[in-house]
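As structure tokens, the structure follows; a few thoughts come after it.
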Amino acid sequence: MADKRRIWNKEQIVPLMIGLRLAKGTMEHLKFSKASKSTPSEEHCAVGIPLFNTSLPTSALSMKCSYCNLTFASRQEQVNHYGQDLHRANLKRSMEGKKFLTEEQFMNNISSSSESESDEEDPQEISEEDQRTAVLQRQPQIYFVNADGIVFSLFRCLLTGKNREMSSEEEVIEHAMAVPSKCYWSILMIGGGHFAGAVIKGEEILAHKTFHSYTVRSKQGGSQSSKDNKNGNTHCNSAGSSLRRHNEQSFMQHVQEVLRSWQGHLNQSHIIMLRATNTNKKVIFGGPDPPLKADDLRIRTIPFSTEKPTFKEVRRVHTVLSEITVHGTEDDLQSEIASREKSLTGKNVLKPSSPKKKINKVKEKKVIRHQESCTFNGSDDSSLSEDSEYGLCKSLPEVRNLLYTACRSGDINTLKAIITYAHDSEGDQFEGNLSNEVRESIKACQEAVIPRSFTFGKDELSLLHIAATACQKDIIWYLMENDCDPSIKSNKGELPYMMTTNKQIRNTFRRFMSTYPSKYDYKEAGILSPLCEEQEKEQAARKAEKKRVQKKAKREKEKEKKKIEEERKMELAQRNTFLSMTDREKRALAAERRLAAQQESQQKAADRSECISQQRCFQ
């Protein structure tokens, strides 16, 4: 089992970093192995780490392509080389752990490939060393070998960021040796309205903070700003969306306030590890005065998957990144990689079947599928040659794809053209706009183009299922006119009528039932009642009357609301007027009100007495 050590433990780490070199198979080793190297000097530092002579200047190194082992006289010649097929081929071969090709070998390889596909390099001949090389290149760690032959690895992101490339093996080793002295880290994680961050120096946690805001749409995922960007200028103004927009702004301000309070720690940090999507990066880098700059070379991306941002997850990320894994000798490393790859794939690396055998398997599979699903009138399948069966089989999937796409996208013209041409490829009824290749494909399997017989996917959905799911009412009507039975179920027992909750689509099935009442078994299809034109008019009239009543009630409600609002405004104005009066004016107003009330009372008494005096007896 590999030994784990912490980078800040100098007693364990310093002895490892004596006489370092890159392990074979890493991207850096592959890149610099063909480049000119400087030889180590005889001087050594106190801990025994060899010092290197000055490497070639960057300008000299840049005139050489390490993938093709070519040297150029000018920068323009080098740039032109990067666009050639030879460079692309060698770049691909280097990622696969293969040796580079010279120009002559590359031209011979092209000519041999054009003559016969069987002349291609057999993947079975890839050496075991090349397989291990390909595995090492996919790892986020970089592997080193010290003077004692001990192999250890650390994460590549601790050496340098993606925006900066190292120009020589000596520079890689220099960065690796500096890692133990750069343990002042800031780790920031943002996602789903969660923020978790910490500043850690060695094992000591100097500062940390976590909080959460409601910014993600419930049961739908994604932030509110992402939803708004997709909708353009049309934004939902519900209470939830408004709250999420406000929370996104406050979340961004809160995060930036925390980072500004950590400005001293951030300035001293050697590495800033960041986990944030492109949408969430604006929380850190956005605004008029962001606490961090996007081009800061200290910012690195966490090179493995993480969970929801929490303080516990931040500590786990710090623990994993700070580990230096000791793998033993180079033989132990190769055995570890082989066992790791076998546990993931159950077989050796880079040993696919040959292209020729793969093509034959695909052809055999298509022929079997064709024999099971289609029969051709007037011919015996056993008498057909394998090539003719494969040709028919190839044409049939092309037609299937066209039919599926037409039903899914609502392309009624293409659907009509295919079915019409399949029924009468020589007649004058065909008016579709199909290419000659499509016509030849339809003609090759003409008798098998029966819309009701096509099924798709593991659930065996019919064309009617596809159209109902995509809410294409014109396609549904045309398919049912062309004998696509709505009572045919999928493997899961689903009916086309039940595959959609759209009322207009279900009404299409009901209208067809009303127009063709005896064409299908509508009870088996789940269509319980027809929908005739009179019913639709009656429903429309009821809907219009309901809408009229609702509008009238709404107007009355708005009128009453407006009246109450005016009374409230009048009362508020009188109240403000009264409060602005002096005490003398208030007493005078009170006296006037008492006098008015007294006069009103006297008037009512007079009216009452007059009424009594006018009473008479009619007996």
Side-chain angles (χ1 to χ4, degrees), residues 220 231-238 403-420 423 429-433 450-454 456 461-490 492-562:
Q220 300 182 49
N231 293 339
N233 296 328
T234 305
H235 292 170
C236 177
N237 293 321
S238 64
L403 289 173
Y404 178 86
T405 304
C407 292
R408 188 72 180 174
S409 62
D411 190 355
I412 187 68
N413 295 327
T414 300
L415 180 64
K416 288 181 178 180
I418 293 173
I419 295 178
T420 304
H423 291 167
Q429 297 180 4
F430 174 70
E431 298 177 355
N433 186 19
I450 304 173
R452 66 173 179 270
S453 65
F454 287 99
F456 301 87
L461 301 177
S462 66
L463 290 175
L464 205 55
H465 284 92
I466 302 299
T469 305
C471 298
Q472 303 293 347
K473 57 183 180 180
D474 294 337
I475 300 292
I476 292 172
W477 190 279
Y478 183 77
L479 289 174
M480 293 177 71
E481 283 184 334
N482 285 270
D483 301 330
C484 285
D485 194 344
S487 63
I488 297 177
K489 299 180 180 179
S490 66
K492 293 183 177 180
E494 296 171 320
L495 293 166
Y497 182 76
M498 299 299 179
M499 290 286 287
T500 179
T501 57
N502 189 300
K503 187 175 181 180
Q504 294 297 326
I505 300 303
R506 291 197 169 188
N507 286 344
T508 302
F509 285 96
R510 295 177 62 195
R511 293 189 192 102
F512 190 91
M513 178 181 178
S514 176
T515 306
Y516 303 96
S518 59
K519 189 173 179 65
Y520 301 109
D521 188 349
Y522 297 101
K523 186 175 180 180
E524 288 291 327
I527 309 172
L528 303 181
S529 60
L531 182 63
C532 60
E533 186 176 355
E534 291 75 11
Q535 289 176 316
E536 290 192 83
K537 289 182 179 179
E538 184 179 351
Q539 289 180 359
R542 287 200 303 267
K543 187 176 181 180
E545 178 65 19
K546 182 179 179 181
K547 194 173 183 180
R548 187 186 66 79
V549 173
Q550 289 176 345
K551 284 185 177 181
K552 183 178 179 181
K554 185 178 180 180
R555 287 195 299 268
E556 293 291 338
K557 187 176 180 180
E558 290 178 352
K559 187 176 180 181
E560 184 68 22
K561 184 178 179 181
K562 186 176 180 181

With heavy-atom distances below 4.5 Å as the criterion, would you say the side chains of P496 and F509 are in contact?
yes
Could you tell me if the side chain of S490 sits less than 4.5 Å from the side chain of L461, heavy atoms only?
yes
Out of curiosity, [X] [atom1] to [Y] [atom2], how far, rounded to the nearest 0.5 Å?
| X | Y | atom1 | atom2 | value |
| --- | --- | --- | --- | --- |
| K543 | Q550 | NZ | CD | 10.5 Å |
| M480 | M513 | CE | CE | 10.0 Å |
| T500 | K473 | OG1 | NZ | 12.0 Å |
| C471 | I505 | SG | CD1 | 5.0 Å |

Restricting to non-hydrogen atoms, name the atom on [X] and the atom on [Y] that form the minimum distance, rounded to 0.1 Å.
| X | Y | answer |
| --- | --- | --- |
| Y522 | P517 | CE1-O, 3.3 Å |
| I476 | A468 | CD1-CA, 3.8 Å |
| I412 | D474 | CD1-O, 3.9 Å |
| A470 | C407 | CB-O, 4.3 Å |

[X]: partners by side-chain contact (heavy atoms from CB on, under 4.5 Å), with sequence neighbours left out:
| X | answer |
| --- | --- |
| T469 | R408, M499 |
| T405 | S409 |
| K489 | L495 |
| K552 | R555 |

With T508 via side-chain hydrogen bond (donor to acceptor under 3.5 Å, both in side chains) - residues at least two apart:
none
For [X], what residues pass the salt bridge (Lys or Arg N to Asp or Glu O under 4.0 Å) criterion, not counting sequence neighbours?
| X | value |
| --- | --- |
| E545 | R548 |
| E538 | R542 |
| K562 | none |

Verify side-chain contact (heavy atoms from CB on, under 4.5 Å) between I475 and L415, making sure each step is shown before the conclusion.
CA-CA 8 Å; I475 300 292; L415 180 64; 3.8 Å; yes
Which is it for I419 and Y478 under the side-chain contact (heavy atoms from CB on, under 4.5 Å) test, yes or no, and what are the steps along the way?
CA-CA 11 Å; I419 295 178; Y478 183 77; 3.7 Å; yes
Sequence neighbours left out, what passes ring-ring contact (aromatic ring centres under 6.0 Å, His included) with F456? Give chain and number order.
Y404
Quick one: ring-ring contact (aromatic ring centres under 6.0 Å, His included) partners of F512, sequence neighbours excluded?
W477, Y516
Residue pairs, two or more places apart or on separate chains, that pass salt bridge (Lys or Arg N to Asp or Glu O under 4.0 Å) and touch residues 504-520
D483-K519, R511-E536
Could you list all the salt bridge (Lys or Arg N to Asp or Glu O under 4.0 Å) pairs where at least one residue sits in residues 524-533, not counting sequence neighbours?
E533-K537
I'd like to know if the side chain of D485 pairs up with that of S487 as donor and acceptor (distance under 3.5 Å, no hydrogens or angles considered).
yes
